[in-house]
Q: 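The structure under discussion is supplied below as structure tokens; questions concerning it will follow.
Below, each value reflects all heavy atoms present in this structure, side chains not excepted, and no hydrogens, waters or symmetry copies. This chain uses plain numbering: 1 for the first residue, then up along the sequence.
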Amino acid sequence: MKIKKWVGLLCLLLLTACSPAKKDYKLIEKPDINRAPLQGRWVVTNIQYASPDSKNIQSIIGSDATFAPHAAVFDTQKIEDPRYVVRKGKTDYFLKVGYNKTKEDIGISNDNLFVINIYEKDRLLFTVYREKEDVAYIDVYGNLLQLVKTKQSLDDKQLQHILENKNSEPIYYSEVPGK
């Protein structure tokens with residue numbers, strides 16, 4: 001009986017002494033995604049934030065954006081075999097660093113965002129901040145334009161039709177023209 005008490009006490013001691021340690025706070029983490037991060041068809045609905053030196057971004061409202069694993073189409077351009085780099089982090093952090101704004105200033109309700117950088121080879125074309133499954137924001141020359149998903153995915157025939165009707169010359173929206 002004495003041995004059972006000691007074993008029970010030892011087990012109790014081990015269970016209480018080996019509690020999980022508090023994790024360090026991570027501001028940015030790599031999400032687990034097993035599909036294209038923005039897959040589907042989107043449309044630019046409005047300007048969420050305009051930088052003070054923005055020029056003629058109003059013309060982009062109503063533009064289509066299509067994202068698939070092997071192609072990305074935005075406005076008048078197409079990118080075949082884009083590279084998507086995805087991060088997840090605190091909304092206020094990304095907005096403070098990129099735009100010196102808070103999520104309330106921009107009108108975003110989520111505390112976390114997926115940040116998707118879209119590259120053509122090694123050159124950044126643009127950055128998309130995905131708030132929800134059907135709402136995202138695309139950075140065009142330092143301005144944030146709201147994207148709303150209109151179609152979940154496209155079959156190969158639909159995607160091929162879109163690719164045939166777009167310009168193949170990439171426009172680097174991550175770089176402000178003339179600067």
Q: Looking at OH of Tyr49 and CD1 of Ile106, how far apart are the two atoms once the value is rounded to the nearest 0.5 Å?
A: 7.0 Å
Q: Would you call Lys121 and Asp81 a salt bridge, using N to O less than 4.0 angstrom?
A: no
Q: Check whether any side-chain heavy atom of Val128 sits under 4.5 Å from a side-chain heavy atom of Trp42, and report yes or no.
A: no
Q: Are Tyr129 and Phe114 close enough that their ring centers fall under 6.0 Å?
A: no
Q: Please name the pair of heavy atoms, one in Phe94 and one in Lys88, separated by the smallest distance, quoted to 0.1 Å.
A: CE1-C, 4.3 Å
Q: Which is it for Lys149 and Leu147 under the side-chain contact (heavy atoms from CB on, under 4.5 Å) test, yes or no, and what are the steps along the way?
A: CA-CA 7 Å; Lys149 188 179 265 189; Leu147 292 171; over 6 Å; no
Q: Look only at the side chain of Gln146 and the backbone of Asn46, and say whether a donor-acceptor pair between them is shorter than 3.5 Å.
A: no
Q: Are Glu120 and Pro82 side-chain neighbours, meaning at least one heavy-atom pair lies under 4.5 Å?
A: no
Q: Check whether the side chains of Asn117 and Thr127 place a donor and an acceptor atom closer than 3.5 Å, and report yes or no.
A: yes
Q: Between CD1 of Ile118 and CD1 of Ile138, what distance do you get to the nearest 0.5 Å?
A: 6.0 Å
Q: Nearest 0.5 Å, please: how far is NZ in Lys90 from CG in Asn112?
A: 4.5 Å
Q: With rounding to the nearest 0.5 angstrom, report the NZ to NZ distance, Lys103 to Lys96.
A: 14.5 Å
Q: Could you check Val86 against Arg130 for side-chain contact (heavy atoms from CB on, under 4.5 Å), going step by step and ending with a plain yes or no?
A: CA-CA 10 Å; Val86 182; Arg130 195 182 85 198; over 6 Å; no
Q: For the CD atom of Gln48 and the CG atom of Asp139, what is their distance to the nearest 0.5 Å?
A: 13.0 Å
Q: Where do Ile108 and Leu95 land on the side-chain contact (heavy atoms from CB on, under 4.5 Å) test, with the steps shown first?
A: CA-CA 10 Å; Ile108 296 175; Leu95 295 177; 4.1 Å; yes
Q: Can you get from Leu145 to Val43 by hopping between Ile, Leu, Val, Met, Phe, Trp and Tyr side chains that sit under 4.5 Å apart?
A: no
Q: Same cluster or not: are Leu38 and Val148 linked, directly or through other Ile, Leu, Val, Met, Phe, Trp or Tyr residues, by side-chain heavy atoms under 4.5 angstrom apart?
A: no
Q: Does a donor on one side chain and an acceptor on the other come within less than 3.5 Å for Thr91 and Asn110?
A: no
Q: Nearest 0.5 Å please: distance from the CG atom of Leu144 over to the OH atom of Tyr137.
A: 9.0 Å
Q: Show which side-chain atoms of residues 57-73 pair as donor or acceptor with protein atoms under 3.5 Å away, not counting sequence neighbours.
A:
unit_1	atom_1	unit_2	atom_2	d
Ser59	OG	Asn56	O	3.3
Ser63	OG	Ile60	O	2.7
Ser63	OG	Asp75	OD1	3.1

